[in-house]
Amino acid sequence: MGKLPIVDGRAPIHAFYSSRSWIEGAAVRQLESVAAISGVRAVAGMPDLHPGKFGPVGCAILADRIHPAFVGSDAGCGMALFALDLPARKLRVEKAAERLRKIGRPYDGDIAGEIEAAELPPSDFDGALGTIGGGNHFCELQIVEEVFDASFGIDRQRAYILAHSGSRGLGHALLEQQMSEGLGPIDPASDKGRAYLHAHDHALRWASVNRRLIARRAAQALRCDAELVCQCSHNCVEHRADGLLHRKGAAPSDRGIVVVPGSRGALSYLVEPLAGAPPEALASIAHGAGRKYDRTSMMGRVGATKSDRERLTRNPFGGQVICDDRALLVEEAPEAYKSIAGVIADLASFGLARAVASFRPVVTVKKVVDLTAQKEDRR
DNA sequence: ATGTAC
């Protein structure tokens with residue numbers, strides 16, 4: 001974060017992680033820098049905390065004004081879980097992977113119709129609707145590993161889709177605009193504040209529609225239907241009675257069940273946030289495993305030979321990874337992430353959430369390079 | 001993170 005002014009003293013930082021969650025010193029320093037910013041009222045660090053470009057990821061920040069940097073470049077990014085009417089026992093990994101490959105290509109359906117049906121205003125970035133994007137985004141076919149609480153209707157006979165994506169170019173343009181204006185805090189009652197919140201809300205709705213369309217495309221590819229189980233954003237800001245609550249890589253704990261995914265080589269957990277959670281957690285929980293190692297160090301850690309790449313396209317459960325981008329395949333290797341079991345154990349021991357069910361990855365779709373389209377482009 | 005800077 002660099003040097004930041006300390007004006008009113010420092011806001012309280014509450015950490016909801018133990019030593020088992022591999023918290024880097026750099027991430028804690030970023031948290032302290034945030035707490036020292038004038039007008040910041042409280043900071044909560046989650047067990048998936050790790051350093052980010054504009055500040056810590058895996059935290060909630062309560063402030064007197066809007067800080068676009070705390071929302072980051074992908075407002076609305078989040079998780080959505082869907083149940084498929086597809087029997088888990090009928091799944092064949094190779095066949096499913098072959099069918100799911102097509103969702104890595106641009107959506108060739110009626111985007112304008114989707115935008116209209118969702119009552120979204122048209123935008124310059126609608127061409128990306130229904131696509132996964134890059135970075136840590138994915139669409140994963142999963143089966144149930146274990147059900148801890150049957151009352152939420154998780155059915156071990158069914159297959160599931162987990163979509164992690166965001167607002168694509170829309171959120172990026174929103175932060176770019178703020179950066180060009182100095183990236184300072186904004187009074188929510190000002191014209192600028194209202195304009196930011198309006199664009200932010202648009203990005204959140206767009207991202208939610210995007211995740212639903214990704215899941216629908218996946219279901220169509222698998223010749224079945226998808227039914228929403230839960231969805232939420234983990235990059236956002238909301239106006240509350242006690243201030244502006246920013247979540248940067250933190251899921252809400254006041255809107256029902258939440259998926260906390262592990263890496264593509266680990267289980268994902270559906271959790272129930274607990275009503276009796278301490279208020280210092282700022283109505284938030286962890287949003288995933290959290291990065292353990294930065295992207296640039298991963299090539300040296302996992303190797304770059306053909307056999308290294310082959311290993312990276314499979315997961316420890318016998319599942320497959322679809323990722324044509326070699327660098328991304330390495331950067332997002334399971335080894336780059338913390339233990340999701342440790343994150344879930346921390347959430348439980350601090351009284352923030354309890355596990356409802358766990359899921360195992362069968363096929364993870366990342367970036368697909370369409371060779372036929374490339375050839376056509378060259379002509 | 002990015003219809004991805006040069």
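In what follows, every chain begins at residue 1, and chains take the letters A, B, ... in the order their sequences are listed.
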Q: For A:Arg360, check salt bridge (charged side-chain N to carboxylate O under 4.0 Å, His left out) against everything at least two apart and list the hits.
A: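 With sequence neighbours excluded, A:Arg360 shows a salt bridge (charged side-chain N to carboxylate O under 4.0 Å, His left out) to A:Glu145, given in chain and number order.
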
Q: Would you mind reading off the distance between A:Trp206 atom CH2 and B:dT2 atom C1', rounded to a whole angstrom?
A: 12 Å

Q: Heavy atoms only, 4.0 Å cut-off, all strands: where does A:Gly133 land among base, sugar-phosphate and nothing?
A: sugar-phosphate

Q: Just the atom pairs and distances: protein N or O near nucleotides 4-6 of chain B's N or O, under 3.5 Å.
A:
from, atom 1, to, atom 2, distance (Å)
B:dT4, O4, A:Lys367, NZ, 3.0

Q: Identify, with sequence neighbours excluded, every residue that meets side chain to side chain donor-acceptor pair (under 3.5 Å) alongside A:His137.
A: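 A:His137 satisfies side chain to side chain donor-acceptor pair (under 3.5 Å) with A:Asp74 once adjacent residues are dropped.
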
Q: Less than 4.5 Å apart, side chain to side chain, heavy atoms only: is that true for A:Leu347 and A:Pro47?
A: yes

Q: If you look only at pairs with a residue in residues 219-232 of chain A, which of them pass as a salt bridge (charged side-chain N to carboxylate O under 4.0 Å, His left out), with sequence neighbours excluded?
A: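 Non-adjacent pairs meeting salt bridge (charged side-chain N to carboxylate O under 4.0 Å, His left out): A:Arg158-A:Glu227.
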
Q: Which residues satisfy the salt bridge (charged side-chain N to carboxylate O under 4.0 Å, His left out) test with A:Arg20, sequence neighbours excluded?
A: A:Asp346

Q: Please classify the nucleic acid contact of A:Asp124 as base, sugar-phosphate, or nothing, using heavy-atom distances under 4.0 Å.
A: base

Q: Tell me, please, which residues at least two apart from A:Arg255 pass side-chain contact (heavy atoms from CB on, under 4.5 Å).
A: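 So A:Arg255 forms a side-chain contact (heavy atoms from CB on, under 4.5 Å) with A:Glu238, A:Arg247, A:Pro252.
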
Q: Give me the other members of the hydrophobic cluster that A:Tyr337 sits in, counting Ile, Leu, Val, Met, Phe, Trp and Tyr linked by side-chain heavy atoms under 4.5 Å, directly or via other members.
A: none

Q: Under the ring pair (Phe, Tyr, Trp, His ring centres under 6.0 Å) test, which residues partner A:Phe16, sequence neighbours left out?
A: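 Applying ring pair (Phe, Tyr, Trp, His ring centres under 6.0 Å) to A:Phe16 gives A:Phe350.
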
Q: Pick base, sugar-phosphate or nothing for A:Gly135, based on heavy-atom distances below 4.0 Å to the nucleic acid.
A: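 Sugar-phosphate contact only.
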
Q: Got a sec? Which of residues 283-291 of chain A come in under 4.0 Å of DNA chain B, heavy atoms?
A: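 Listed by number, there are none.
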
